[in-house]
Amino acid sequence: MPFRWNPDLTEQDVTPEAVFQQRRRLLQGAIALGAGAALGLRPHSMLANTGLTDVQKDPSPPDESLTPFDSASSYTNFYELGSGKSDPSMHASKLQTKPWHVVIDGEVSKPGRLALEDLLKPHPLEERVYRLRCVEAWSMVIPWIGFPLEALLQRFEPTSKARHVSFETLYDPAHLPGQNQGMLAWPYREGLRLDEAMNPLTILAVGMYGRLLPNQNGAPLRLVVPWKYGFKSIKSIVRITLTEQQPITSWNQKAPEEYGFYANVNPEVDHPRWDQSKERRIGEFLRRKTLPFNGYGAQVASLYAGMDLKKFF
Ligand code: MTE
């Protein structure tokens with residue numbers, strides 16, 4: 001099995017300015033031609049320089065245009081780097097990603113603290129083209145590069161008491177300006193039920209668009225749970241804890257009436273401040289209908305059989 005992770009590369013290293021500008025021109029050209037975002041720019045032609053080699057291609061990507069890389073990396077939510085959509089890309093270099101360690105603890109037989117490269121080594125990378133639907137009613141289609149969270153959790157051997165998984169982002173207020181403001185109780189925390197975490201759609205991502213994750217998108221390791229609102233997809237993870245009880249999560253703690261623990265994309269349950277029945281795909285003019293479970297109902301609706309999803313929103 002080839003080694004697929006090169007810890008010495010950074011997002012800047014792997015994307016020389018000339019390549020980036022060339023990609024930018026191609027993207028603009030594709031859009032100008034009405035050819036749809038990023039046509040011909042699927043990641044595999046560009047993997048050679050990235051350290052993310054031999055990525056297995058998504059066998060069934062949605063039949064939708066990719067959001068241009070420029071939009072996906074400049075219109076972001078990462079409150080540790082500021083609350084405006086362009087703040088995280090402007091302040092991206094403040095996030096210190098080297099060295100990076102991840103702790104896996106709680107209800108596991110083999111807890112540990114691993115350097116990122118050791119954490120990633122056994123996991124073959126795959127591309128997954130997933131929609132990301134934000135609670136603020138915008139959405140994107142992004143080719144993520146990562147691996148199933150389940151594979152990682154199994155390595156640490158969950159005990160019979162494990163029912164939930166809790167995730168924590170880096171806490172580094174000396175570098176992350178948002179953590180000196182009281183917008184959320186830091187560090188950012190998220191959580192899933194164990195069966196949600198083990199679902200094959202749930203991935204840990206290390207890259208997107210054939211390159212390492214830009215800092216503003218959650219380098220070096222983030223969660224992607226495509227049937228849930230974007231805030232569940234926690235960025236820059238340093239701790240994964242298996243628990244018996246449902247864990248505290250940042251947005252639910254801040255405003256429980258607005259952000260439920262489940263946060264399944266549900267066009268029938270409005271957010272108090274936003275209509276959730278429609279969404280604006282970044283780059284499109286007309287709003288489109290939001291699909292239950294963000295279009296992934298066939299794979300995940302059974303996880304919630306018998307639950308009132310208006311109550312458990
Ligand atoms: N993770 C951390 N640590 N901090 C954040 O502010 N924002 C969340 C989520 N993960 C956030 C986070 C929200 S609200 C969304 S919509 C997604 O990241 C956005 O992911 P993207 O910026 O890569 O599109």
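Atoms within each ligand, like the ligands themselves, are counted from 1 in listed order.
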Between ligand 1 and [X], is the shortest N or O to N or O distance under 3.5 Å?
X	value
Glu80	yes
Trp251	no
Tyr75	no

Proximal atoms of ligand 1 relative to [X] (non-hydrogen, under 4.0 Å):
X	result
Thr76	22 (O)
Phe78	2 (C), 3 (N), 4 (N), 5 (C), 6 (O)
Ser233	9 (C), 10 (N), 18 (O)
Leu132	24 (O)
Thr169	3 (N)
Gly230	8 (C), 9 (C), 13 (C), 15 (C), 16 (S), 17 (C), 18 (O)

Task: Trace of the side chain to side chain contact (heavy atoms under 4.5 Å, CB included) decision for Leu114 with Val102 - done: CA-CA 5 Å; Leu114 270 72; Val102 182; 5.7 Å; no
[atom]: the protein heavy-atom neighbour that sits closest, reported with distance to 0.1 Å:
atom	result
atom 23 (O) of ligand 1	Arg222 NH1, 2.6 Å
atom 1 (N) of ligand 1	Lys235 N, 3.1 Å
atom 6 (O) of ligand 1	Tyr79 N, 2.7 Å
atom 14 (S) of ligand 1	Asn77 ND2, 3.4 Å
atom 8 (C) of ligand 1	Tyr188 OH, 3.4 Å

Task: Nearest-option assignment for atom 16 (S) of ligand 1, heavy atoms, candidates Ser139, Ala72, Cys134 - done: Cys134
Task: Candidate list Tyr259, Phe78, Phe261, test ring-ring contact (aromatic ring centres under 6.0 Å, His included), partner Phe231, passing option - done: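 Passing option: Tyr259.
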Open item on the list: Do Gln276 and Arg133 pair up side chain to side chain, a donor and an acceptor below 3.5 Å, judged on atom types alone?
Closed with: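 Short answer, yes.
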TODO: With Arg131 as the cation and Tyr296 as the aromatic partner, state whether NZ or CZ is under 6.0 Å from the six-membered ring centre and within 45° of the axis.
DONE: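 Yes, Arg131 sits over the ring of Tyr296.
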Task: Partner of Asp105 under side chain to side chain donor-acceptor pair (under 3.5 Å), chosen from Lys110, Arg113, Arg239 - done: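 Option passing the side chain to side chain donor-acceptor pair (under 3.5 Å) with Asp105: Arg239.
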Task: Name of the residue among Val265, Leu303, Asn266, Asn264 meeting side-chain contact (heavy atoms from CB on, under 4.5 Å) with Phe293 - done: Asn264
- [ ] Return the minimal non-hydrogen interatomic distance between Arg163 and Glu244, and the atom names on each side.
- [x]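 That would be CB-O, 3.3 Å.
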Task: Glu196/Lys228 ion pair, N-O < 4.0 Å - done: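 Looking at Glu196 and Lys228, the cut-off is met.
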- [ ] Measure from the ring center of Trp144 to the ring center of Tyr209 and say whether it is less than 6.0 Å.
- [x] no
Open item on the list: Is it true that, when you exclude Lys85 itself, more than 12 heavy atoms of the residues, nucleotides or ligands shown sit nearer than 6.0 Å to its NZ?
Closed with: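 Counting other residues, nucleotides and ligands, NZ of Lys85 exceeds 12 neighbours.
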